[in-house]
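Quick notes on the structure that follows.
Positions are given from 1, in the same order as the sequence printed here.
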Amino acid sequence: MAEQAAKPAIPEPDISPVNEPHWTALKDGVLKIQKCRVCGHHWLPAREDCPNCLSPDNDWVEASGKGKLSSWVVYHVAFNKAFADKLPYNVAVVELEEGARAITNIVNPEDGLAADKPVESVIEDEDGVSLARFRVV
């Protein structure tokens with residue numbers, strides 16, 4: 001009997017001191033984003049300075065988890081073997097109510113993907129990594 005090849009693992013996030021609060025919060029079932037204490041701007045992905053005013057003075061805050069679908073693509077070819085069994089799959093940009101944008105997946109694309117469609121966060125475990133995904137509401 002031939003041995004079956006192990007399924008390739010999804011790429012793991014590159015966790016650093018700057019983005020660690022985001023990944024820890026996801027493990028706890030919470031979506032956190034950064035907020036500038038100077039100008040009030042919210043953002044993802046994590047960075048040291050506010051992308052709006054360049055202030056280094058920021059906090060991690062819990063996001064509402066609500067937003068709208070900004071754009072998306074549907075892949076029919078897996079450019080990484082770890083995603084071959086997920087074909088076709090989508091990669092989407094969601095704009096949260098707070099203004100931060102997340103690169104993510106829509107978990108229920110069969111409910112229709114359209115610009116500005118309302119979505120809400122769903123935190124899912126993928127190979128031991130907690131990921132913020134979204135569903136159309």
Counting distance only, does the side-chain N/O of Glu120 pair as donor-acceptor with the main-chain N or O of Gly67 below 3.5 Å?
-> no
Given the rule in the salt bridge (Lys or Arg N to Asp or Glu O under 4.0 Å) test, do Glu126 and Arg133 qualify, once you have shown the distances and angles that lead to the verdict?
-> CA-CA 11 Å; Glu126 182 85 29; Arg133 293 184 170 142; 3.2 Å; yes
If you group Ile, Leu, Val, Met, Phe, Trp and Tyr by side-chain heavy-atom gaps below 4.5 Å, do Trp23 and Leu31 land in one group?
-> yes
Heavy-atom closest pair, residues Asn52 and Cys39 | ND2-SG, 3.3 Å
Answer with yes or no whether the hydrophobic clustering places Ile10 together with Leu26; edges join I, L, V, M, F, W, Y residues whose side-chain heavy atoms lie under 4.5 Å apart.
-> yes
Side-chain donor-acceptor pair under 3.5 Å between Arg135 and Asn108, yes or no?
-> no
Okay, side chain of Lys68, backbone of Val94: is any donor-acceptor separation there less than 3.5 Å?
-> no
Return the orientation label for the Tyr75 and Phe79 ring planes: parallel under 30°, perpendicular over 60°, tilted otherwise.
-> perpendicular
Looking at side-chain heavy atoms only, is the closest gap between Asn80 and Pro11 below 4.5 Å?
-> yes
Return yes if some donor-acceptor pair links the side-chain N/O of Asn58 with the main-chain N/O of Cys50 below 3.5 Å, else return no.
-> no
Within the distance-only criterion (no hydrogens, no angle test), does the side chain of Asn19 pair as donor or acceptor with the backbone N or O of His22 below 3.5 angstrom?
-> no
Under 3.5 Å donor-acceptor, Glu98 side chain and Ser64 backbone | yes
Any chance the side chains of Ser130 and Glu124 put a donor and an acceptor closer than 3.5 Å?
-> no
State, with a plain yes or no, whether a side-chain heavy atom of Asp49 is found less than 4.5 Å away from one of Ser55.
-> no
Check the surroundings of atom CD in Glu12: do more than 12 heavy atoms from other residues, nucleotides or ligands lie under 6.0 Å from it?
-> no
Sole residue of Leu69, Val107, Val119 in side-chain contact (heavy atoms from CB on, under 4.5 Å) with Phe134 | Val119
Single-linkage hydrophobic cluster Leu96~Val137, side-chain heavy atoms < 4.5 angstrom = no
Measure across Val18 and Ala46 and return the closest heavy-atom pair with its distance rounded to 0.1 Å.
-> O-CB, 3.7 Å
Donor-acceptor contact present, side-chain His41 to main-chain Cys36, <3.5 Å = no
Is there a donor-acceptor pair closer than 3.5 Å between any side-chain N or O of Asp59 and the backbone N or O of Lys35?
-> no
Worked verdict on Val91 versus Asn105 for side chain to side chain contact (heavy atoms under 4.5 Å, CB included) = CA-CA 5 Å; Val91 175; Asn105 308 108; 4.3 Å; yes
To the nearest 0.5 angstrom, please state how far the CD1 atom of Ile15 sits from the CD atom of Glu20.
-> 7.5 Å
Nearest 0.5 Å please: distance from the CG atom of Asn90 over to the CH2 atom of Trp72.
-> 10.0 Å
Exercise: identify the closest heavy-atom pair between Ala132 and Thr104 = O-OG1, 2.8 Å
At what distance, to the nearest 0.5 angstrom, does CD of Glu48 lie from CG of Leu54?
-> 12.5 Å
Proximity of Tyr89 and Phe83 rings by center, below 6.0 Å | yes
Please name the pair of heavy atoms, one in Lys32 and one in Leu44, separated by the smallest distance, quoted to 0.1 Å.
-> O-CD2, 4.2 Å
Indicate yes or no: at least one non-hydrogen side-chain atom of Val136 is less than 4.5 angstrom from one of Ile106.
-> yes
Honestly curious: do Leu131 and Ile33 fall in one hydrophobic cluster under the side-chain, below-4.5 Å linking rule?
-> yes
Honestly curious: do Ile123 and Val61 fall in one hydrophobic cluster under the side-chain, below-4.5 Å linking rule?
-> yes
Closest non-hydrogen atom pair, Glu95 against Ser70 = CB-OG, 3.6 Å
When you look at NZ of Lys66, are more than 12 heavy atoms from neighbouring residues, nucleotides or ligands closer to it than 6.0 Å?
-> no
Whether over 12 other heavy atoms sit under 6.0 Å from Ile103 CD1 | no
